[in-house]
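Accompanying notes for the structure given below.
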Amino acid sequence: MQYKVKLEIFEGPLDLLLYLIKKEELDIYDIPIAKITDQYLSYLEMMKLLDLEIAGEFIVMAATLMHIKSLMLLPPENKPPEEMEGDPRAELVQQLLEYRRFKEIADRLAEKEEARSKLFTRNDTERPLVETEDSPFFEASIFDLLTALSTVLKEIPREIFHEVIKDEFTVAEKIHDIFHILVKEKKAYFTQLLKSAKSKLEIIVTFLAVLELIRLREIVIWQSERFGEIEIVRNTQAIAPAPIASEKKI
Amino acid sequence: MSKYQSTKLRGTQKVDREKLKRIIEAFLFVSVEPLDLQRIKDAAGEQDPAVIKELINEIRAEYAGSECSLRVEEIAGGYRMTTDAEYASYIKRLLHGSQKDRLSRASLETLAIVAYKQPVTRGEIEGIRGVNVDRALSTLLERGLVRIVGRKETVGRPILYGTTRTFLDHFGLKTLDDLPSLEEFIVRELSEEDKEAIRQKFGDEAVSALDAGGIDAALPKEAQIKETQDDSQETARPDR
C-alpha cells in the first residue's frame, strides 16, 4: 500500500477523549481510566493502521493516560509522595471540562452565525454564496469514521486465504468506484461501502479512498443523528475560502 | 442666518425631525457596514446622538409595524439595514446559492477561545484545544474575524490575538457583552442528578453556591469580558 493519505486531522487528543466520553456515556467527573485508555489506544492503533498522520499531541496524551492509569492502580503506600495529593485524573478532567465548555460556546456561536446569515445586507451581493445541501444533519468527524471502520473490521469473517488472487486494490481505483456509486444513487452509506469489501485490505483501501475524497472536497459526510449511520454525498460545489468583504467607506 | 441655525440646532420642529429621520434611513440603506451613532450624527448635521437613536427606533417601529421586508438591526456597535429573516430563502435563490460560507468546527472553537479570553496568545489557545491552531488562526485572520492586538510582555514576546468588529457583525452581536457569560456554561455542566446528590449530601446552600457560579475553586478565573471589551472596541474601529 504505497498510497499515503495526507488528511489533516484538525481534531486533537482532547476531541477524541470527549468523543469517547460522549459515545460511551462515561461520567466525566468519574472517568473509568482503564476503559478510556484502552479505547483511546485502539483508536490510535487504527489511525496507525491507516497510515494517518498522528500529531505528537496524541502520543503525549496516550502516555499521560497510561501514567494516570498506573497511579490509579498503585496502592496508596507505594505512590511517590508528590503524587499522593488528590485524584490523579483531576488535571485532565479540568482540561476536558474547560475545552468542553468552549465547544459549547462554539455551538452557541454557530447558532448565532446561522441566525445572522438569514439577514442580508447591502454588501452581500459582493460575496459569493456557497452551494450546499440544506441539511439538518451533523457533519461526521474522523472519529465517527474510525468507529464505523472498527465495527466493520470486527464483523468480517476470518480471512480466507485464496490461492493466487492478485487482487490488489488501489486507492485510485476505489475512488473511481465510489464516484460511480454516487453518480448512480445520489448518496452512499459508509458502512455499506466498507461491508461490500471482501477482505481486510479492501476495507482499508476503501476507507482511505473516502478520506482522500474528503480531503479533495469531492464529497461531504453527514450523520443524521449522533453516532448514527454515516452518509456520503457528492460536494456539489467546491467551497472556496470566503473572500474578504470589501469595506467600501462611504 | 441665526434663525436658520437655531432651527437646525434645536432639531425639534416636526418637519425637520421627519426629514432627519428620512436622512438616517437613506444612510442606513446606502451603507455597507454598521453605522455608529457618531457617524450618523456628524453626517446628518445633528448635535444630539439621543435624537438619532430615537429616530432610528422610530424607523424600526415603522418597519416592524408595516409589511416592510426590511429591518434595522443593532450590530457591531452600530446600525445596519437588513432584510427580514423570513425572506432569506428567496434571497438565496436570487443570489444563486443556498448558504453563506460557514465556519468549520475548528475555526469556531478557536474563535470561541479568542472571544472569551482575549487578548490571548496562540500558545494559550493551543493549551485549551490541545492541538495546533495554525490553520484555524490563519483562516480567522484572513476573514478578518480575528486580529493582532499586540504582544505579550513575556519571554519570546508572543503575539496576542483579539476579535474584530467584523466578528461582531458575523455573529450578529451588538458588543462583546452580548456574548453569553461564561458562568452560564459552567453551571450547566452539572446534571440534575449531580445536583440532587450534592443537595442530599451538603444541603441546599451548597447547590445555590454552585448555581451562583462557583463550581470549582481550582478553575482558572476567566478574565471578565468587560475588562477587555474597552480595548478591542476602542481599537476595533478601523479593522484592517
Side-chain angles (χ1 to χ4, degrees), chain A residues 8-15 17 27-29 55 57-58 61 90 94-95 97-110 112-134 139 141 237 239-242 244-250, chain B residues 27 29-33 71 73 75 80-88 91-92 95-106 108-109 111-113 115-116 128-132 135-136 139 142-144 166 169-173 179-180 182 185-186 188-189 194 216 218-220 239-240:
Chain A
E8 220 184 309
I9 302 179
F10 298 112
E11 291 120 323
L14 292 177
D15 293 281
L17 286 175
D27 181 1
I28 197 169
Y29 296 98
E57 291 91 7
F58 276 104
M61 181 59 76
Q94 290 289 52
Q95 227 189 343
L97 282 175
E98 188 174 32
Y99 184 31
R100 193 172 71 171
R101 189 169 313 134
F102 283 105
K103 273 186 180 289
E104 271 192 55
I105 294 172
D107 280 339
R108 199 71 96 73
L109 282 179
K112 286 192 181 281
E113 187 186 30
E114 162 90 40
R116 171 66 179 88
S117 79
K118 291 205 170 96
L119 307 176
F120 285 82
T121 58
R122 188 168 166 94
N123 54 341
D124 277 327
T125 45
E126 296 161 22
R127 260 209 307 253
L129 295 183
V130 165
E131 190 86 47
T132 56
E133 243 183 64
D134 249 315
E139 231 181 82
S141 75
Q237 189 156 41
I239 301 176
I244 296 147
S246 49
E247 310 240 309
K248 293 206 185 82
K249 303 283 181 202
I250 45 164
Chain B
F27 286 174
F29 173 79
V30 161
S31 176
V32 292
E33 52 177 3
R71 295 280 174 266
E73 294 290 332
I75 288 176
R80 287 202 89 154
M81 188 177 283
T82 75
T83 55
D84 188 286
E86 203 181 315
Y87 300 92
I91 297 168
K92 284 171 185 171
L95 300 179
H96 301 299
S98 66
Q99 200 141 277
K100 290 193 194 170
D101 205 356
R102 302 284 174 76
L103 292 169
S104 68
R105 284 265 97 214
L108 278 172
E109 286 171 13
L111 194 48
I113 298 172
Y116 281 81
I128 296 176
R129 280 205 65 207
V131 80
N132 190 285
R135 192 58 129 65
T139 304
E142 222 175 84
R143 293 188 66 163
T166 309
D169 194 351
H170 186 85
F171 293 94
L173 302 166
L179 287 168
L182 264 183
F185 292 96
I186 294 177
R188 268 169 51 190
E189 271 151 15
D194 290 336
D216 194 325
L219 274 178
D239 277 352
R240 15 214 36 229

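Sequence lines set the chain letters: A, B, ... in the order given, protein chains first and strands last, and positions in each chain run from 1. As the structure is a computational prediction, the values presented were derived from the model and not from experiment.
- For B/Leu103, the parts lying under 4.5 angstrom from a heavy atom of chain A are both the backbone and the side chain.
- Here the straight-line distance linking atom OG1 of B/Thr83 with atom NZ of A/Lys118 works out to 11.5 Å at 0.5 Å rounding.
- B/Val32 approaches A/Asn123 most closely through the heavy-atom pair O-ND2, 3.2 Å.
- For a residue to count as touching a neighbouring chain, one of its non-hydrogen atoms must lie under 4.5 Å from one of that chain's; by this rule A/Ala55 does not touch chain B.
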Could you walk me through whether B/His170 and A/Glu113 pass the side-chain contact (heavy atoms from CB on, under 4.5 Å) check?
CA-CA 6 Å; B/His170 186 85; A/Glu113 187 186 30; 2.6 Å; yes
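- Heavy atoms of A/Glu57 lying under 4.5 Å from chain B belong exclusively to its side chain.
- Using a 4.5 Å heavy-atom cutoff, the side chains of A/Leu119 and B/Arg80 are not in contact.
- Scanning for side chain to side chain contact (heavy atoms under 4.5 Å, CB included) contacts around A/Asp107 gives B/Arg105, with sequence neighbours left out.
- A cation-pi contact, defined as under 6.0 Å to the ring centre and within 45° of the axis, links A/Arg122 to B/Phe29.
- Proximity to chain A (any heavy atom under 4.5 Å) is restricted, for B/Glu73, to the side chain, taken from C-beta onward.
- Of all heavy-atom pairs spanning A/Lys112 and B/Phe171, the tightest one is CB-O, 3.6 Å.
- Across all non-hydrogen atoms, the minimal contact from B/Gly130 to A/Pro13 is O-CD, 3.5 Å.
- The backbone N or O of A/Glu114 sits nowhere less than 3.5 Å from a side-chain atom of B/Arg102 that would complete a donor-acceptor pair.
- Considering all non-hydrogen atoms of both residues, A/Ala106 and B/Ala112 come closest at N-CB, 4.2 Å.
- In this structure, CD1 in B/Ile113 is found 8.0 Å from CD in A/Glu98, a value given to the nearest 0.5 Å.
- Side-chain contact between B/Glu109 and A/Tyr99: present, with at least one pair of heavy atoms (C-beta onward) separated by less than 4.5 Å.
- Contact annotation for B/Asp169: both backbone and side-chain heavy atoms come within less than 4.5 Å of a heavy atom of chain A.
- The shortest side-chain heavy-atom distance between A/Leu109 and B/Leu179 falls under the 4.5 Å cut-off.
- Proximity of B/Tyr87 to A/Phe120: side-chain heavy atoms (C-beta onward) are nowhere separated by under 4.5 Å.
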